[in-house]
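Chain letters run A, B, ... following the sequence lines, proteins first, then strands; residues in each count from 1.
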Number of protein chains: 2
Amino acid sequence: MGEAVYISLYKQLKQDIFSGKYAEGALLPSENALASQHSITRATARQALDTLLKEGYIIKHKGKGSIVTRRRSLGILSIKGLTEVAGNKKVTSEMLQPPHYAEWYDNFSFAIDEGKSHCIRFKRLRSIGQYPVMLEVTQFSGEHTKGIIDMPFVNGSFFETLNKNFHIGISGAHQNVKAIAADAELSERFGISKGTPMLRIDIKFKTDKGFCLYSRLICDTRYYEVESTT
Amino acid sequence: MGEAVYISLYKQLKQDIFSGKYAEGALLPSENALASQHSITRATARQALDTLLKEGYIIKHKGKGSIVTRRRSLGILSIKGLTEVAGNKKVTSEMLQPPHYAEWYDNFSFAIDEGKSHCIRFKRLRSIGQYPVMLEVTQFSGEHTKGIIDMPFVNGSFFETLNKNFHIGISGAHQNVKAIAADAELSERFGISKGTPMLRIDIKFKTDKGFCLYSRLICDTRYYEVESTT
DNA sequence: TAGTGGTCTAGACCACGCC
DNA sequence: GCGTGGTCTAGACCACTAG
């Protein structure tokens, strides 16, 4: 019943990347090295690396080796330029409600599966320059993230915090998008008139530990659109 | 300089899927069969199939074989249930402007690369039941699609027509999403009041022949949201 | 039971990057 | 020249599906 050899090697390498043993931009051991170190053939070592490649943890270069990629995308949709624009204008993130225990908010476009355990929720407002562009509410089970309430986010990133401190990765996501009219709260938060069209994105992130995270993003897309590529 | 054996086998199988030799839901020859037919080892045949798998053309089932997938997604985003709901309510598509020669409409969120050649454009209104949910304008170069103007769409699908009649596949896409207010035309088309929030999705489809297709979708998301999964 | 895909071994030659 | 990943061969055993 034991899992495949290449799977356990893949998992170990992934741990080593999370733990920082192999930093971003660093070279992983070569296929030949991995093969002899673990007493397996090169084909099997290669299969482990190809799994990492498929999930975007490394890129390979013929003649050079396997290189750990820099930070991966946080979701499928990201505010256009929230990273690219960073050079010109400053991207800031104001924590309106830090992570706290709460009741599950179940008004999402899809069902919440985690009814059993305690819910942790936080709320942030993200701005480019001085203009707010995205209101984010994220909730998740506190079961797999003990202590996160008193933890500062790594580089201000929730997902990076999950990676570094809990070895939790995102394996997939499902999202629903809808156009809504700004209500009183949104009108105040974004400094726009009531009824202004806004984008609402509900995201269900699937983690590699089996449970899910739920985010609702409200975006002002008048100046910055939301983009995605495949 | 010749390309890899598994690549040419992969290309041939892809052609065979396009041509209908292997229909949707049909079984591809087994790895052993492909190996002996082409005088290669099973590993190489497998590599060709894995490439098809990675691109979503087939799924594999242990003990059964490799099955050609039904309907490949038309984009990254698709109206929720435009396919799933089909059982209950009828999905219809009204051609407002059939494919015709036109000037490039370059008001998209991204640049149009195909300035050189003639532009073909069509406009459709898609409905679920009797309610319109999506207005679509698509434009592309007529250079790689000679004769398409007088061609009925295969199964009413533009992408299927490209596949079957021109062997053109979609290798990727880039899209920008924005919330807009319904103007006079939209208000009339969708039977809603002016100013109603709607979703505007600009998509740049990259084809495997090198050129691009451009679509603008305007969606009424009051009852059917737009979704995507990864 | 026969056939399928999933995994693995033990080799081999090649094009490419770096020194 | 040497090590890297890319490709390929010729076998093997396994778990799963179907008749």
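A sub-4.0 Å separation between OP1 or OP2 of C:dT9 and a side-chain N or O of A:Thr44 is present. A sub-4.0 Å separation between OP1 or OP2 of C:dT4 and a side-chain N or O of B:Ser66 is absent. A:Tyr6 has a side-chain polar atom (N or O) that falls below the 4.0 Å cut-off from OP1 or OP2 of C:dT7. Contact annotation: A:Lys64 does not reach the phosphate of C:dC16 (side-chain N/O to OP1 or OP2, under 4.0 Å).
Checking B:Ile201, B:Leu135, B:Val133 one by one against B:Cys219, the side chain to side chain contact (heavy atoms under 4.5 Å, CB included) holds for a single residue, B:Ile201. Of the candidates A:Asp16, A:Leu34, A:Leu49, A:Leu49 is the only one forming a side chain to side chain contact (heavy atoms under 4.5 Å, CB included) with A:Leu28. B:Ile17 pairs with exactly one of B:Val68, B:Asn163, B:Thr69 by the side chain to side chain contact (heavy atoms under 4.5 Å, CB included) rule, that one being B:Val68.
For A:Lys62 and D:dG6, the NZ to C1' distance is 6 Å, given to the nearest whole Å. Per the geometry, CD belonging to A:Glu3 stands 17 Å off P belonging to C:dG6, to the nearest Å. Regarding B:Lys60, its NZ atom lies at a distance of 17 Å from the P atom of D:dC16, rounded to whole Å. Rounded to whole angstrom, the span from the CD1 atom of B:Ile67 across to the P atom of C:dT4 amounts to 13 Å. When rounded to the nearest whole Å, the span between NE2 of B:His38 and P of D:dC8 equals 13 Å. In this structure, the CG atom of A:Asn32 is 14 Å from the C1' atom of C:dC14, given to the nearest Å. Atom pair B:Leu9:CG and D:dG6:P shows a separation of 20 Å (rounding to whole Å applied). Taking atom CG of B:Asp50 as the reference point, atom P of C:dT7 lies 10 Å away to the nearest angstrom.
Of the two residues near DNA chain C, A:Arg42 and B:Glu31, the one whose nearest nucleotide lies more 5' is B:Glu31. Each of A:Ser30 and B:Val5 has a nearest nucleotide on DNA chain D; the 5'-most of these lies closest to A:Ser30. Mapping A:Gly63 and A:Gln47 onto DNA chain C by nearest heavy atom places A:Gln47 closer to the 5' end of the strand.
In this structure, D:dA12 forms a base pair with C:dT7, meeting either the Watson-Crick or the G-U wobble geometry with both donor-acceptor distances under 3.5 Å.
Applying the 6.0 Å contact sphere to NZ of B:Lys206 captures no more than 12 heavy atoms from other residues, nucleotides or ligands.
Within the 4.0 angstrom heavy-atom criterion, only backbone atoms of the sugar-phosphate kind lie near B:Ala4; the bases stay farther away. Using a 4.0 Å heavy-atom cutoff across all strands shown, B:Ile40 reaches sugar-phosphate atoms only and no base atom.
Remark: B:Tyr10 pairs with B:Lys14, B:Glu55 by the side-chain hydrogen bond (donor to acceptor under 3.5 Å, both in side chains) rule, at least two apart or across chains.
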